[in-house]
Structure formats: C-alpha cells, structure tokens
Participant: 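Mind looking over this structure? Questions follow.
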Number of protein chains: 2
Amino acid sequence: MTVRPKPRPQKRINDPEGMRKKVLDVAEVAFQARGYHASSLGDLMAAAGVSGGALHHHFPTKKALALAVIDERVAAAVEETWIAPVLVANTAREGVRAVFEAVAAELEQQGFVRGCPLNNLAHELSLADPDFRLALAGIFVGWRRAISDKLRADQQAGREEGTDPERFAALAVAAYSGAMSMAKTAQDASVLRDCLAGLERSALSPSQGGLAARRRRRVLLRPRTL
Amino acid sequence: MTVRPKPRPQKRINDPEGMRKKVLDVAEVAFQARGYHASSLGDLMAAAGVSGGALHHHFPTKKALALAVIDERVAAAVEETWIAPVLVANTAREGVRAVFEAVAAELEQQGFVRGCPLNNLAHELSLADPDFRLALAGIFVGWRRAISDKLRADQQAGREEGTDPERFAALAVAAYSGAMSMAKTAQDASVLRDCLAGLERSALSPSQGGLAARRRRRVLLRPRTL
DNA sequence: TATAAAACAGACCGGTTGTCCTGTTTTGTC
DNA sequence: GACAAAACAGGACAACCGGTCTGTTTTATA
C-alpha cells in the first residue's frame with residue numbers, strides 16, 4: 001500500500017472561461033445529437049465533469065445555456081460552414097456548390113449524419129419560446145443575407161444577372177436545410193448531391209453529369225457512440 | 001336542493017375506436033406543436049379526457065403512441081397535402097407549384113406557422129430511436145417517389161424531358177422542408193413563395209414576376225394559444 | 001495581509017414523468 | 001345467463017428533472 005501523506009489538500013485552479021467552454025462544448029454536442037429536451041443537465045454535468053454548482057454559476061437556467069449555445073456555437077457553425085466559404089468563393093453560385101459538396105463529402109467520410117445544428121434546434125425550440133425563436137431566426141437571416149449579398153456583388157460584376165438574389169438565397173438555404181433533414185432521417189448523404197444537381201442551372205440540360213457518377217447511395221452506420 | 005335518486009349508476013359505453021382516435025388526435029397536435037419530449041402523457045390524457053388506464057390499453061408506451069402517430073397521421077398528412085395534389089395535377093412541376101402556393105396561402109390565412117409535421121418529428125426523433133427513424137424515412141421515400149413517378153409520366157408524354165426525376169423530387173421536397181423550417185422559425189410564410197419562385201424555370205429569366213407582387217412580407221402572430 | 005467577490009462543490013427538494021398495477025365495467029360468445 | 005376477454009378507471013411508485021441552497025475554496029483588490 002502506498003502511503004498518502006496529505007489526505008487531499010490539492011490546490012484547485014479556478015478556470016471560469018475554460019469551464020464555461022467545457023460546458024458549451026458538451027451542450028452543443030448533446031443538443032444536436034439528442035435535442036434540448038432529451039438532454040438533461042445531469043447528463044451534461046457528467047459528460048463535462050462539472051459540478052452542479054459550477055454549471056449553475058455560469059448558466060443559471062437550462063434556457064440560458066441553450067441560448068448561449070445558439071448565440072455562440074450554432075451561429076459560429078453557420079458562419080464557418082456556410083458564410084465564410086461563400087464569401088471567399090468566386091461567385092455565390094460557386095460558393096453554394098462548394099459548400100454542398102464539402103458537406104456531402106464530409107458526411108460520407110465520417111459515415112454518420114447528425115443533421116444541421118441550426119435546423120435541429122429550430123424545429124424543437126422555435127415554438128417553445130420566443131427568445132429561442134428570435135435567436136434562431138436571426139441566424140437564418142444572416143445566413144440568407146450572406147448569400148444574397150454575394151450574388152448582388154456578382155451581378156455588379158456582370159454575372160448572374162437573371163437571378164433574383166433573395167430568391168436564390170432562400171432556395172439555397174431551404175434546399176440545404178431540407179436535404180440535411182432527409183439525409184439525417186435516411187442516414188444517407190447522397191440526397192445532398194441530388195439537391196445540388198437540381199439547384200444548378202444545368203438541371204435544365206438533359207444529360208449533363210450522367211447517372212454513373214451519382215449512383216453511390218449507401219446506408220451509413222454510426223462510427224462513435226455518443 | 002335537488003334530489004339525486006341514483007348516485008351514479010350511469011352506463012358506460014365502450015368505444016375503443018373512438019377513444020383511440022381521440023388520443024391520436026390530441027397526440028398529433030401536441031407532438032407537432034410542442035414536440036415529442038415536451039408533450040407529457042399527463043397533458044395528453046387531460047386534453048383528450050382519457051384515463052391513464054385507457055391510454056395504456058391502446059398504447060402501452062409513449063413510443064408506441066408516437067409510432068402510431070407517425071404511421072397513421074403524419075403519413076396521411078403528407079399523402080393529403082402533397083401526394084394527392086401532385087397526382088391530380090397536370091404535371092409534376094405544376095403539382096409542386098400548386099402545393100407550395102396552397103400551403104403558403106393557408107399559412108398566411110391562419111396567421112401561424114406550425115411547421116411540417118414530418119420534419120418536426122424527423123428532427124427530434126430520427127437519432128433518438130431506430131424505429132422512429134425508419135418510420136419517418138419511409139414517409140420521405142414515398143413522398144419523393146410520388147413526385148419522381150409523376151415526372152417520369154410527364155416525360156413519357158413528351159414533357160419535361162430535360163429534368164432528372166430523382167433530382168427534381170429531391171429538390172422539391174428539400175426546398176419545401178427547408179422553407180417550412182424557415183417559415184416556422186420566422187413565423188413568416190413568405191419564404192415559401194421565394195423558394196417556389198427559385199424552383200421554377202423562370203428563375204433564369206431576369207424580370208419575370210417583378211418585385212412588387214412579392215413584397216408582402218409580414219410578421220405573423222399566433223391566433224390561438226394551444 | 002484583510003476582505004469581499006467570484007468560482008466552485010455537493011447535497012437537497014418539490015414537482016413531474018412514464019409506467020405499472022389492481023380493480024371494475026362492458027361486451028362478445030357459447 | 002355464464003364466462004372470459006376486452007375496455008376502462010384510477011391510484012401508486014420509483015426514477016428523474018431542474019432549480020435552489022449552504023458551504024468551501026480561490027482570486028482579485030486594496
């Protein structure tokens with residue numbers, strides 16, 4: 001038996017920012033994977049290794065935690081996944097295509113579709129609480145505006161003159177959201193490529209890409225438990 | 001004081017089908033408005049005026065009730081709202097347009113967006129339970145197939161020859177699902193019309209409909225409490 | 001170093017949840 | 001009418017949830 005001279009006088013290090021981040025990390029994943037109502041604070045505390053007192057200190061209520069996740073994490077995810085890639089693309093249309101393909105490739109690689117963080121929470125919480133709804137609606141607005149602004153810039157450069165920016169942005173966001181919804185339910189990311197193909201102007205020309213490249217549907221199984 | 005000769009020997013009438021229907025009615029509304037996890041069986045029992053014993057007799061578990069709602073009500077809603085109108089339309093494209101416009105008009109009239117029943121439950125339950133996921137995925141498949149079959153029939157009649165049926169169906173369903181998601185979050189049905197306009201071929205022609213007819217956005221407030 | 005505030009720990013509580021259980025009434029069947 | 005099964009009523013219960021509470025430790029400030 002090893003001797004233990006000092007029972008437990010180990011120092012404790014206060015790391016409010018780190019602890020807050022740890023809670024947000026766990027909550028972000030749990031809210032997306034299981035949803036808001038299905039994620040109990042006990043689960044989050046255990047997963048994050050955080051005491052009840054600490055959790056309550058940083059987030060007085062569960063609602064406050066969810067609002068923080070929406071404002072800080074979901075908005076950032078949309079920014080990183082959609083807005084930034086669209087901004088750096090040559091045109092809005094190319095940006096949209098790039099995001100669709102990047103997400104499809106990522107989902108096929110990781111073999112599991114968790115769905116869109118924004119849409120997941122939007123469906124569950126929009127009607128549950130006005131604060132939730134407003135926070136989520138604002139993210140949608142920013143998402144669409146980034147695309148429509150980009151397309152307007154294209155038009156000032158003489159491209160895409162026949163496309164209405166608002167309509168294009170609305171359709172791009174809606175098609176992506178709906179495609180992710182189906183992909184999540186089917187656990188199959190191929191519907192993303194179907195929708196992208198339909199979004200392209202080339203959807204009007206008969207046999208543009210052919211069927212061979214598109215037919216690689218498969219059922220994906222979850223890689224990690226969570 | 002009025003005399004009450006017989007304390008309460010009133011007959012009871014067994015109506016298993018009616019009681020089951022009453023429970024499903026209430027559950028369908030509650031699951032859509034508040035979600036599955038946020039709807040307690042106590043709420044449903046109170047709303048339906050059903051005892052716990054009766055509820056448990058027809059639906060042994062909450063999951064069984066939800067599966068019944070999905071199989072019997074959500075599938076029927078998709079059938080009624082989407083599949084039937086598409087089948088009776090002249091073409092698949094006209095059917096899709098008709099549904100978009102009908103739903104948009106209905107939402108604007110009732111002034112409140114509850115969202116798509118299928119997508120609402122799909123987001124909350126797809127990852128929660130394999131049985132839920134499969135049931136919901138099947139409805140999506142039938143939905144898409146109805147559209148793609150219709151478009152294939154159009155093509156055999158010499159129309160829409162440049163459109164891929166699977167892609168068109170996937171995009172139509174995705175655009176609708178995503179648009180309903182945004183409409184629910186924003187409590188504004190106008191995004192449905194934006195997406196419909198983007199779906200039309202006419203999206204490629206510069207000023208086809210003009211802006212005046214489209215700019216009637218407004219924020220809708222809930223009419224009834226629920 | 002004195003002191004107050006911030007950060008954290010952990011127990012506790014009232015209310016709710018889904019399910020189960022026992023008992024009673026109705027209904028179909030011989 | 002006898003009888004078993006179905007239909008229904010309503011209470012009980014253990015588990016769980018979110019929030020609160022008290023107390024301790026760390027940290028910033030003076």
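Remember, it's a predicted structure, so these values are computed and weren't measured experimentally. Below, each value reflects all heavy atoms present in this structure, side chains not excepted, and no hydrogens, waters or symmetry copies. Naming: A, B, ... by sequence-line order, numbering from 1 per chain.
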Participant: Can you tell whether the side chains of E108(B) and R193(B) come within less than 4.0 Å, N to carboxylate O?
Facilitator: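 The answer is yes: the pair qualifies as a salt bridge.
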Participant: Which of the following nucleotides, dG19(D), dC8(D), dG18(C), is nearest to the side chain of K62(B)?
Facilitator: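 When the side chain of K62(B) is considered, dG18(C) is the closest of dG19(D), dC8(D), dG18(C).
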Participant: Given side chains that start at C-beta, do those of V191(B) and F140(A) come closer than 4.5 Å, heavy atoms only?
Facilitator: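 The answer is no; the side chains never approach within 4.5 Å.
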Participant: Quick one: list whatever passes side chain to side chain contact (heavy atoms under 4.5 Å, CB included) with A38(A), sequence neighbours left out.
Facilitator: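 Listed in chain order: R34(A), H37(B).
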Participant: Got a sec, which residues hit salt bridge (Lys or Arg N to Asp or Glu O under 4.0 Å) with D149(A), two or more places apart in sequence or on another chain?
Facilitator: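 Testing D149(A) for salt bridge (Lys or Arg N to Asp or Glu O under 4.0 Å), a comparison that skips the adjacent residues, returns R152(A).
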Participant: Without decimals, in angstroms, what is the distance between L41(B) CG and dA9(D) P?
Facilitator: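 So the CG-P distance, L41(B) to dA9(D), works out to 16 Å.
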Participant: Write down the atom of V86(A), the atom of V99(A), and the distance for their closest heavy-atom approach.
Facilitator: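 Answer, listing the atom of V86(A) first, then V99(A): CG2-CG2, 4.4 Å.
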Participant: Can you name the salt bridge (Lys or Arg N to Asp or Glu O under 4.0 Å) partners of E72(B), sequence neighbours left out?
Facilitator: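 If we apply the salt bridge (Lys or Arg N to Asp or Glu O under 4.0 Å) test to E72(B), skipping adjacent residues, the hits are R20(B).
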Participant: Could I get the full list of side chain to side chain contact (heavy atoms under 4.5 Å, CB included) partners for A27(B), not counting sequence neighbours?
Facilitator: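 A27(B) satisfies side chain to side chain contact (heavy atoms under 4.5 Å, CB included) with F31(B), L44(B), L65(B), V69(B) only.
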Participant: Step by step, would you call V173(A) with W82(A) a side-chain contact (heavy atoms from CB on, under 4.5 Å)?
Facilitator: CA-CA 10 Å; V173(A) 171; W82(A) 261 94; 5.8 Å; no
Participant: Can you name the residues that form a salt bridge (Lys or Arg N to Asp or Glu O under 4.0 Å) with D129(B), not counting sequence neighbours?
Facilitator: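 Partners of D129(B) by the salt bridge (Lys or Arg N to Asp or Glu O under 4.0 Å) criterion, ordered by chain and then number, come out as K63(B).
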Participant: Report the distance from atom CE of M45(A) to atom C1' of dG10(C), rounded to the nearest whole Å.
Facilitator: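 About 9 Å, once rounded to whole Å.
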Participant: Report yes or no: do N119(A) and K184(A) form a side-chain donor-acceptor pair below 3.5 Å?
Facilitator: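 No - no donor-acceptor pair under 3.5 Å links their side chains.
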Participant: In whole angstrom, give the distance that lies between atom CG of D43(A) and atom C1' of dC16(D).
Facilitator: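 So the CG-C1' distance, D43(A) to dC16(D), works out to 10 Å.
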Participant: Let's see if you get this right: which residues in residues 46-56 of chain B place a heavy atom under 4.0 Å from DNA chain C?
Facilitator: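 The answer is H56(B).
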Participant: Would L107(A) and F112(A) satisfy side-chain contact (heavy atoms from CB on, under 4.5 Å), going step by step from the backbone distance to the final call?
Facilitator: CA-CA 6 Å; L107(A) 293 181; F112(A) 184 59; over 6 Å; no
Participant: Rounding to an integer number of Å, can you tell me how far F59(A) CZ sits from dT20(D) P?
Facilitator: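 My rounded result for the distance is 16 Å.
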Participant: I need the CG-C1' distance between L65(B) and dT17(C), as an integer number of Å.
Facilitator: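 The answer, rounded to whole Å, is 15 Å.
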Participant: Tell me, with the steps shown, if S126(B) and L136(B) meet side-chain contact (heavy atoms from CB on, under 4.5 Å).
Facilitator: CA-CA 7 Å; S126(B) 280; L136(B) 295 160; 4.1 Å; yes
Participant: Just report the end-to-end axis angle for the helix from dT1(C)-dA30(D) to dC30(C)-dG1(D), five pairs per end, to 10 degrees.
Facilitator: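 End-to-end axis angle: 20°.
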Participant: Please list residues of residues 15-26 of chain B whose heavy atoms come under 4.0 Å from any atom in DNA chain C, ordered by number; otherwise none.
Facilitator: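 Close to the strand, none.
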Participant: Taking side chain as C-beta onward, heavy atoms only, is E124(B) less than 4.5 Å from N120(A)?
Facilitator: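 Not touching, per the 4.5 Å side-chain cut-off.
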Participant: Strictly under 3.5 Å: I want the nitrogen or oxygen pairs between protein and nucleotides 27-30 of chain C, one per line.
Facilitator:
{"unit_1": "dT27(C)", "atom_1": "OP1", "unit_2": "N14(B)", "atom_2": "N", "d": "3.4"}

Participant: Using whole Å, report how far NE2 of H57(A) lies from P of dT24(D).
Facilitator: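 Spelled out: NE2 on H57(A) to P on dT24(D) is 18 Å.
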Participant: Could I get the full list of ring-ring contact (aromatic ring centres under 6.0 Å, His included) partners for F132(B), not counting sequence neighbours?
Facilitator: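 Partners of F132(B) by the ring-ring contact (aromatic ring centres under 6.0 Å, His included) criterion, ordered by chain and then number, come out as Y36(B).
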Participant: Test of understanding: with side chain to side chain donor-acceptor pair (under 3.5 Å), list the residues that count as partners of R73(A), not counting sequence neighbours.
Facilitator: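 Testing R73(A) for side chain to side chain donor-acceptor pair (under 3.5 Å), a comparison that skips the adjacent residues, returns D25(A), E28(A).
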Participant: May I ask you to test the H58(B)-V23(B) pair for a side-chain heavy-atom distance under 4.5 Å?
Facilitator: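 With C-beta onward as the side chain, the pair stays apart.
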Participant: Grab the N/O contacts between the protein and nucleotides 13-16 of chain C below 3.5 Å, and write none if there aren't any.
Facilitator:
none

